[in-house]
> 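Quick one: this structure, given as structure tokens, is what I'll be asking you about.
Predicted, not measured: the structure shown is a model, and the values here were computed from it. Numbered from 1 within each chain, the chains take letters A, B, ... in sequence-line order.
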There are 2 protein chains.
Amino acid sequence: MPDPVAPRRLPSVLLASLVPVASWFIVRPLVDPVPPLPALHVSFGLSIFALLATLYLVPALGPSFAKANLKGRDLLKTYNTPIPESLGLVCASVYILVLIIFIPFAFSSISLTDGHTHHEGIVVKEFPHQQLSVYLSSLLSLLIATMLGFLDDVFDIRWRHKLPIPILASIPLLMVYYADRGNTHIVVPIPLRPVFGTLLNLGPLYYLYMALLSTFSTNSINILAGINGSEVSQAIVIALSVIANDLLYLPWPVDFHIPLHLLGGQAEVEVGGVYSAGMAYGSTELVERHLFSLYFMLPLMGVCAGFLYHNWYPARAFPGDTLCYLTGMAFAVVGIQAHYSKTLLLFFIPQIFNFLLSCPQMFGLVPCPRHRVPRFDENSYLLHPSKAVLLQPPSHLGALVLRIFSALGLTELTIHPKNGTILECTNLTILNFLLLRLGPMREKRLVQTLIVVQIAGSVVAFTVRYGLANLVYDGDRR
Amino acid sequence: MPDPVAPRRLPSVLLASLVPVASWFIVRPLVDPVPPLPALHVSFGLSIFALLATLYLVPALGPSFAKANLKGRDLLKTYNTPIPESLGLVCASVYILVLIIFIPFAFSSISLTDGHTHHEGIVVKEFPHQQLSVYLSSLLSLLIATMLGFLDDVFDIRWRHKLPIPILASIPLLMVYYADRGNTHIVVPIPLRPVFGTLLNLGPLYYLYMALLSTFSTNSINILAGINGSEVSQAIVIALSVIANDLLYLPWPVDFHIPLHLLGGQAEVEVGGVYSAGMAYGSTELVERHLFSLYFMLPLMGVCAGFLYHNWYPARAFPGDTLCYLTGMAFAVVGIQAHYSKTLLLFFIPQIFNFLLSCPQMFGLVPCPRHRVPRFDENSYLLHPSKAVLLQPPSHLGALVLRIFSALGLTELTIHPKNGTILECTNLTILNFLLLRLGPMREKRLVQTLIVVQIAGSVVAFTVRYGLANLVYDGDRR
């Protein structure tokens, strides 16, 4: 019988063929004619390298992690072999290194379009120090988040204590935002404009909002964990959604020429052109914001995809809290810096659902066991909803909440046959909810279901953002 | 008998009285009249808070570190009780947090002097994005150094493998330096000018120099370790020397008025004034550079002083590699960003001596045991030079080097009485050298001697810098 946790083998030849592709994207901006969006080419090339580095480093460094006592057993397996944990640190290191190496490509003269070339539709007349500060403060926040995530793994901080930790990581963002005299105005939804006007200055509340956003995005990914691949697959679907949204705003070069000369005409008719495509409609600022977002999301996709290969069922490596902190903070960073935090939150619909569902257990209304992962049946290999035992009858509020959740089909209660008190409830997480509604299933099927739910959430998000948002916002969607 | 490693008690009342002092320095710039150098006041106030935070947090968090297996036994003591290790992480966290909180004070409108006020002699007309980028890239490098130091502690990387690690931490510095089109010219010493001219563009070599500087400063502090307080006391003496050097360049408000009106005169005679004092002689750039350096050195002093209290003989907490990485990188950052790397290297005279002395063991000419700390005599409590045993006769080169070192009094050899081969040598470190020359002494006395050596080195450094440097450089000393 093969070792169940031996590192998954890599298709080396296939991967090696990616090296020239990635290299080409990186050197492409140096070759005339300079492509539109040169820095984006480099970012894409570096992201492929990030993917390769993660694919190779995770199995290579796994034994060192296990040796340093960073290992855990897989709760939902028949075997007991410890599996290296906190490998999210490898992803984070590769990610941040790539983002640092990217600095000269994004911010030095190579990729600055001159006043007379309009490739990107972005004309940067002088060195973009302001964007560089913002970029660096984002990197600082990511690095602090990584550090805190890793400390969390090493010191095993109690989870109720660690809820506010991501706020620390958001401080560099907030400080540079403040030092930069950042905008604290929001566009007021149409129905509220008679009261607040079109623009409302939130002032200090805006900083509170930014801090809470990073706390939410980090913790909401962290608490939707427990089965192989759950953390990193959420991150991948959200990152892909963000990338898809960013791409809508780029000045796509879809200017096509109608070849009238073939019909004997003199002039060509040009349709489209720079700014003709995309939702930016000529706003340099919007294009720059979404480029900024892509620079952070593409390499994140790279490291997450590389990690998923080893974290996929049956997992050969665990992400640890480090990966959740990293990905959560990365989403907060782009949401804040590229000013689309409301759109971002729409991509977190499953996480918001899971968070709301978890509240009664997180805030002590219902007892919360240390692990809330589904229960594994060693005979059938099926996962069943796990249950929390209520050693004493719940408070009136707790009982009320549980009965409402039960009526909504969110949990299943075990009731004392005589006095009617609640003895048990299924743990209040989206994983147990899915098992409750769809019936017991194997772990691999459950993570696939979770991915489908996450994708469905993103479809809803796009519908709301580009459909329903018109009802409460006018054209000024920033 | 009291617990030999119980946390040292803090003089709480005394320390509490520092809180209003520190607070005053932080709010002082908000009170009219705005003092000259307002941001420096804030930096000083924050540094006092850094001192207090380190003093309290190191003993408070020690048990958590020990619990996470970050502990070690003190090799030079009679007791075996494990002592919390890697507490440099606490220093680093406090330090970096203080530097982040400082951002709005240094870079927002509060502390920017208007065009018409000349308090600092520095007129900043617009938001200093350029300095902010440099500041943030420095923070990134410090944070990466901290992270790598901590990883080194957790994974216990073999020391020959970890020599190049600090280069990774210097990448953000180099990238932003490059993106900023940083200056890569050096002023050529007068004797070499016929060959190279006055200014020489080193180009890529300058980046190599910067990377090597950070590697050297980090590792040279790290290898001068082994007795209680040695790492942090070196850092303190170097930091104080850097601060003293920075203060020379500030526009001291020593303009004094000769009160001629008391003698019946009409006008006052004003001597001095902004720029009249200090070595900057009116150069805004020089003042700004040394202010930048002070912003990093003052809080470093704070955390190091706080940590020394607990690390002083007999140590209650160990710094781990984290502290060495942090302090080494902090010195490299200011040396590079404030452009006085040659002066900085002068403050490393004892480290350079220790490094050169260590070379034969580091590069394998002479066997190198895992620990080269002095040998502890449990009866007399005295430290003696420790010895490396040469299991096989050294190479010709190795024997030659050892005999030269022995003739210079740098090591003591044990020679086979018959065939004259070298059997043993004292380990090649400055600590063993001091014990060899000054005789066995207790650990506390040895660390005091080391501090005296470090201070003597700084005295030599100042003499060379402001005396002898005139022989090879003219006025343009940058």
> Taking side chain as everything from C-beta outward and backbone as N, CA, C, O, which of these in A:L168 sits under 4.5 Å from a heavy atom of chain B? Side chain, backbone, both or neither.
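Contact with chain B involves the side chain of A:L168 alone.
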> Of all heavy-atom pairs between B:V154 and A:A68, which one has the smallest distance, and what is that distance?
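Taking every non-hydrogen atom into account, O-CB, 3.7 Å.
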> Check whether any side-chain heavy atom of A:L151 sits under 4.5 Å from a side-chain heavy atom of B:L89, and report yes or no.
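Answer yes - side chains close enough.
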> If we only count heavy atoms from C-beta on, is the A:N69 to B:N69 side-chain gap below 4.5 Å?
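No. Closest side-chain heavy atoms not under 4.5 Å.
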> Taking all atoms of both residues into account, what is the closest heavy-atom pair of A:M175 and B:I101, and its distance?
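Of all heavy-atom pairs spanning A:M175 and B:I101, the closest is SD-O, 4.0 Å.
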> Would you indicate whether A:F44, at its atom CZ, is surrounded by more than 12 heavy atoms from other residues, nucleotides or ligands within a distance under 6.0 Å?
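Open.
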> Taking all non-hydrogen atoms of both residues into account, name the closest pair between B:T146 and A:M147 and its distance.
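Answer, listing the atom of B:T146 first, then A:M147: CG2-CE, 3.8 Å.
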> Taking all atoms of both residues into account, what is the closest heavy-atom pair of B:P172 and A:I100, and its distance?
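Result for this residue pair: CG-CD1, 3.7 Å.
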> Report which part of B:I144 has an atom under 4.5 Å of a heavy atom belonging to chain A: side chain, backbone, both, or neither.
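Both parts, heavy atoms under 4.5 Å.
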> Which pair of non-hydrogen atoms, one from B:S137 and one from A:L136, has the smallest distance, and what is that distance?
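Taking every non-hydrogen atom into account, N-CD1, 4.0 Å.
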> So which residue, B:L139, B:L174, B:L143, B:L97, ends up with the most heavy-atom pairs under 4.5 Å with chain A?
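Top option by heavy-atom pairs under 4.5 Å: B:L143.
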> Which class fits the ring pair A:F155 and B:F150: parallel under 30°, tilted 30 to 60°, perpendicular over 60°?
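Rings of A:F155 and B:F150: parallel, as their planes differ by under 30°.
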